Amino acid sequence: MMSREEQLVDDDGFDIDSPFDTSTNQTKRPDLSGSIGGRIGGGQSVGSGPVGPQQAYTSSTLPGGYHTNTLDEPILTTIGRDFSKVGRKTIQVLYPKGRDNALQEWDLWGPLFFCLSLAIIMSFLAPEQQESAVFTGVFALVCIGSCVVTLNCKLLGGHVSFFQSVCTLGYCISPMAIASLVTLLAHRIIVTLPVVAVAVGWSISASIGFLAGAQLANRRLLAVFPICLFYICIGWIIIIS
């Protein structure tokens, strides 16, 4: 007489309850080939077809505020667009009327360019033995001074991002770079002094105007004073050079 365990074994030697039995009908898994990732914007399924670069990145999803896909464009096109943005923001500083808040889209290319330009021109004005020291000192003064002024504004409760403030202070150095270039060409204190004075006032006025949206309320004077001191120090270095 067959035992119970022997009765549970079929003719092929597999246990009826064994997971290795392929002869029985098993429950099919649900089809997962549908729209796993959801749908994009206008209702197109992710799994409905191949997604190319132009389809994956739309004008509303590109990072950094770009409205075009820059992955496949030539490098010269990218550089040209960046230079045009730097030029537009510089014009806003030199001609503040009719601002369109372009400096809210911060970048560090413009500040780096003006910082290097100012440091290089000042090194040309320095004695031969002090060229490298003057270049390093001016570059460090601009970089560290911008960060200190920005941190002061943040500690006072200003509603402005760190890099946006550094970007604004860097672009507002452009009048100082122009003044240093005039000093390099003129070499006369009667020309240098008024030009530098105008450049300092221009830089202070532009930076305060662009940072007006920081909403400092009653602490505005505490934020303006370091800005004035920052540009006055740069102007004094240009004069004594």
Side-chain angles (χ1 to χ4, degrees), residues 75-76 78-96 102-103 105-153 162-211 224-241:
I75 184 65
L76 293 179
T78 304
I79 295 176
R81 183 178 60 253
D82 291 338
F83 270 109
S84 65
K85 290 184 177 180
V86 171
R88 181 164 56 90
K89 295 175 183 179
T90 304
I91 292 175
Q92 272 202 314
V93 173
L94 298 178
Y95 187 71
L103 289 182
E105 300 177 1
W106 62 266
D107 69 87
L108 299 180
W109 289 113
L112 178 62
F113 172 77
F114 291 116
C115 181
L116 287 175
S117 300
L118 181 62
I120 292 173
I121 295 174
M122 296 301 298
S123 65
F124 287 155
L125 293 171
E128 185 176 356
Q129 299 82 4
Q130 300 178 357
E131 291 179 352
S132 59
V134 170
F135 177 87
T136 304
V138 172
F139 188 85
L141 173 64
V142 173
C143 295
I144 297 176
S146 299
C147 294
V148 170
V149 172
T150 300
L151 288 176
N152 177 70
C153 183
F162 180 85
F163 289 108
Q164 181 182 350
S165 178
V166 171
C167 171
T168 301
L169 295 173
Y171 272 102
C172 291
I173 293 177
S174 54
M176 310 297 296
I178 296 174
S180 63
L181 182 60
V182 173
T183 303
L184 178 63
L185 299 176
H187 286 292
R188 292 184 179 181
I189 189 64
I190 194 174
V191 176
T192 301
L193 189 58
V195 169
V196 173
V198 171
V200 170
W202 205 331
S203 297
I204 293 175
S205 176
S207 60
I208 292 176
F210 283 114
L211 294 177
V224 170
F225 176 74
I227 295 176
C228 298
L229 185 63
F230 173 62
Y231 290 111
I232 290 174
C233 289
I234 298 176
W236 177 249
I237 293 176
I238 296 176
I239 293 175
I240 64 176
S241 61

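Just the heavy atoms: all of them, side chains too, but no hydrogens, waters or symmetry mates, feed the values below. Model, not experiment: these values are computed from the prediction.
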field: From Ser203 atom OG to Ile227 atom CD1, the distance as rounded to the nearest 0.5 Å
entry: 11.5 Å
- request: Using a 4.5 Å cut-off on heavy atoms from C-beta on, say whether the side chain of Phe135 contacts that of Ile121.
  value: no
- prompt: Taking atom CD1 of Ile240 as the centre, does the number of heavy atoms from other residues, nucleotides or ligands within less than 6.0 Å exceed 12?
  reply: yes
query: When rounded to the nearest 0.5 angstrom, what distance separates OG1 in Thr136 from CD in Gln130?
result: 12.0 Å
message: For the backbone of Gly201 and the side chain of Ser205, can you confirm whether one donor and one acceptor N or O come within less than 3.5 Å of each other?
response: no
Distance, nearest 0.5 Å, that separates CG of Leu229 from CD1 of Ile234: 10.0 Å
- prompt: Hey, does the side chain of Ser174 reach the backbone of Tyr171 with a donor-acceptor pair shorter than 3.5 angstrom?
  reply: yes
query: Do you know which of Val149, Val148, Thr150 makes side-chain contact (heavy atoms from CB on, under 4.5 Å) with Pro226?
result: Val149
- prompt: Side chains of Cys115 and Cys143: closer than 4.5 Å at any heavy-atom pair?
  reply: yes
Parallel, tilted or perpendicular: ring planes of Trp106 versus Phe163, cut at 30 and 60 degrees: parallel
- request: Working to the nearest 0.5 Å, report the span between SG of Cys172 and NZ of Lys89.
  value: 12.5 Å
query: Could you give the distance from OH (Tyr231) to CG (Leu169), rounded to the nearest 0.5 Å?
result: 4.5 Å
field: Under 3.5 Å donor-acceptor, Ser180 side chain and Ala177 backbone
entry: yes
- prompt: Can you tell me if Asp107 uses its side chain to pair, donor with acceptor, with the backbone of Gly110 under 3.5 Å?
  reply: yes
Spacing of Gln164 atom CD and Cys153 atom SG [to the nearest 0.5 Å]: 10.0 Å
message: Just checking Leu185: does its CG atom have more than 12 heavy atoms from other residues, nucleotides or ligands closer to it than 6.0 angstrom?
response: yes
